[in-house]
J.: 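Let me begin by handing over the structure; questions about it come next.
Sequential numbering from 1 along the given sequence is applied to the chain's residues. Hydrogens, waters and symmetry mates play no part in the numbers below; they use all other heavy atoms, side chains included.
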Amino acid sequence: MGSSMKIASLRDKGGGKLSLLDLVREAGVVGAGGAGFPTHVKLSAKAEYILLNGAECEPLLRVDQQLMALYPEEIIKGFEAAGRLAGAEKALIGIKGKHKDVVSTLKERIDALGLSDFVEVRELKDAYPAGDEQVLVYELTGRVVPEGGIPIHVGCVVINSETALNIYHASMKRAVTEKYITIAGDIPKRLTVKVPVGTPMIEVLKLSGIENFSDFSVIDGGPMMGPVMRSMEAYVTKKTKGLVILKKQHPLIKRKTTSLEQAKRVNKSCEQCRMCTDLCPRYLLGHNLQPHKMMRVTNYGLQDAEDQTMVYLCSQCNLCELFSCPIGLFPKSNHQYLKQKLIEKNIRHTAVPTSFEPRQNREYRLVPSKRLVAKLGLHHLDQPAPMIDITLEPEVVYIAKSQHVGAPVIPVVSVGDHVDAGQLIGKIPENSLGAAIHASISGTVIETENAYIAIRRDQ
């Protein structure tokens, strides 16, 4: 499949050896979850620490822990290379201590590779959201990212385990053409698979053992932060990490499909107990994010009474809505509402350079994953989703021009062209933030004009 193909676009343009940064850029490596920030840009920064986010704190998802178990050497080598590139003094792998076998394997391979003076494994508590970048930075380094800041502001660069694997592949001149995905939920078959980027989502979903999805909804991502898919007519991107399939009647689906207007009406019941604030991960890190105060602003029309720009500090972790509030209100949705209003008025949050200290009671307010899973009504579904070697060969792939932070790619192929798996099909626009895309299958280009570059497989 695609990841075993050499990058067809990687030619030595200058007569010398391409640097790792060039290879990562050419391979189209992005964050393999979340927003999909281009990795070559992240590694251009100079940092004291590089951190590997192996926390995978979203319930039911299994990709990162399984990749670290199956490809420990490749991930360690990719991570080490990324750390050297960023000029890091130390490379720290963050993984939950409960994954004892994976922790042991990683430590053994680090020692065997002679990297123990540079790469270190540090165990994390089994709490949510341990995988939030700012929480991870604090847990691994003791540093607090400032309000409105990013990890590099405290000398850190963060990548996840699949991104580290893709960096290793890039060093071997392999493009990002495949994606690892956990399929979980109320289904006959829970599994983790590798599929070509651009695969129609319905083909991946059917691996669950379900053929008719009329009674089901699908969360694209984890149960906490992932949105409910509006349509099954979607395609795998470099950021797709999990697909959680639940009955439409499941309480989590009903909460996630509550409209902003419905949430506003329900939020009028807020009694200012401040549980949303007291358990907020960013508040506990010392940031001035207080969801209960923002509920007060909306409910009582106190438009000038509070610094509303604090809503820009929200990480959208959804803990306040899906766990903290004792009467099931929607503080995060209220943040979205206020943020929308501020954007309309062109009012932004102004970061004040300062240092931050975690609140003294933080360690006592961390939310254990098991309690979170139980609250979500997913306890009986929190089962293994083993990595299965399945060859999924979609007839047509639809590779999005924009599946990363930054500008959409510019196609470098035309309808009717034949392409090989791993071949460059979309380049980064000049002087723009972006990431290249490559053919995930060999075949004929059948579309380039809209949001996708579509390729029909060779027969």
Side-chain angles (χ1 to χ4, degrees), residues 33-34 55-61 96 98 124-136 138-139 184-186 217 219-228 241-242 244 246 249-260 262-264 266-267 269-287 289-296 298 310-311 313-337 358-359 361-382:
E56 196 159 49
C57 60
E58 277 274 14
L60 308 188
L61 301 193
K96 291 183 177 180
K98 69 177 182 179
L124 303 169
K125 301 180 182 70
D126 189 14
Y128 181 84
D132 173 76
E133 277 196 342
Q134 296 194 14
V135 172
L136 187 80
Y138 175 70
E139 293 291 348
D186 191 2
S217 290
I219 299 172
D220 184 3
M224 291 298 288
M225 297 183 70
V228 175
K241 192 169 184 180
V244 180
L246 298 173
Q249 297 82 9
H250 194 284
L252 181 59
I253 297 299
K254 291 184 176 180
R255 292 221 15 112
K256 281 182 164 288
T257 53
T258 300
S259 71
L260 202 55
Q262 289 171 325
K264 280 178 59 184
V266 175
N267 282 349
S269 302
C270 179
E271 56 193 18
Q272 290 291 291
C273 74
R274 66 170 290 141
M275 283 294 289
C276 54
T277 295
D278 289 340
L279 294 180
C280 173
R282 294 294 170 88
Y283 174 78
L284 292 174
L285 284 175
H287 292 185
L289 177 60
Q290 302 186 59
H292 78 285
K293 287 189 174 183
M294 295 301 96
M295 294 284 272
R296 183 191 305 165
T298 302
M310 70 170 68
V311 299
L313 307 178
C314 178
S315 68
Q316 308 288 308
C317 75
N318 235 346
L319 196 65
C320 55
E321 284 193 8
L322 299 180
F323 183 86
S324 305
C325 182
I327 57 173
L329 303 185
F330 298 86
K332 187 210 73 174
S333 296
N334 185 58
H335 283 173
Q336 291 175 304
Y337 167 74
R359 302 189 190 271
N361 50 12
R362 178 181 181 272
E363 64 178 299
Y364 306 109
R365 292 183 178 172
L366 300 178
V367 176
S369 295
K370 288 186 177 180
R371 286 189 62 191
L372 178 63
V373 169
K375 181 68 178 287
L376 295 174
L378 300 175
H379 177 71
H380 63 299
L381 305 177
D382 191 17

J.: According to salt bridge (Lys or Arg N to Asp or Glu O under 4.0 Å), does anything in residues 316-334 pair up with another residue at least two apart or in another chain? List the pairs.
T.: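 Sorted pair list comes back empty.
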
J.: Which atoms form the tightest heavy-atom contact between A130 and K125, and what is the distance?
T.: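 Answer, listing the atom of A130 first, then K125: CB-O, 4.2 Å.
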
J.: Per the side chain to side chain donor-acceptor pair (under 3.5 Å) rule, which among R274, H292, R365 passes with Y283?
T.: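 Answer after filtering R274, H292, R365: R274.
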
J.: Give me the atom names and distance for the closest heavy-atom approach of L372 to V367.
T.: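 The pair with the smallest heavy-atom distance is CB-CG1, 4.2 Å.
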
J.: List the atom of M294, the atom of N334, and the distance in Å for their closest heavy-atom pair.
T.: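 Looking at all heavy atoms of both residues, the shortest contact is O-ND2, 2.9 Å.
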
J.: With a cut-off of 6.0 Å (strictly less than), are more than 12 heavy atoms of other residues, nucleotides or ligands near NZ of K375?
T.: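 Atom NZ in K375 is packed in, count exceeds 12.
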
J.: May I ask you to establish whether R371 and Y128 are in a cation-pi arrangement, using a distance under 6.0 Å from NZ or CZ to the six-membered ring centre and at most 45° from the ring axis?
T.: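 No - R371 does not lie over the ring of Y128 by the 6.0 Å and 45° rule.
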
J.: With a 4.0 Å cut-off on N to O distance, would you call D132 and R282 a salt bridge?
T.: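 Yes.
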
J.: At their closest point, which heavy atom of P223 faces which heavy atom of P59, and how far apart are they?
T.: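 Heavy-atom minimum between the residues: CD-O, 3.0 Å.
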
J.: How far apart are the closest heavy atoms of L260 and S333, and which atoms are they?
T.: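 Closest heavy-atom pair between L260 and S333: CD1-O, 3.2 Å.
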
J.: Find the distance between OG (S369) and NZ (K96) and round it off to the nearest 0.5 Å.
T.: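 Result: 3.5 Å between the selected atoms.
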
J.: Distance-only, no hydrogens or angles: does the N318 side chain make a donor-acceptor pair with backbone N or O of M224 under 3.5 Å?
T.: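 Yes.
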
J.: For L381 versus G185, what's the shortest heavy-atom pair and its separation?
T.: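 Shortest heavy-atom contact: CD2-O, 3.6 Å.
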
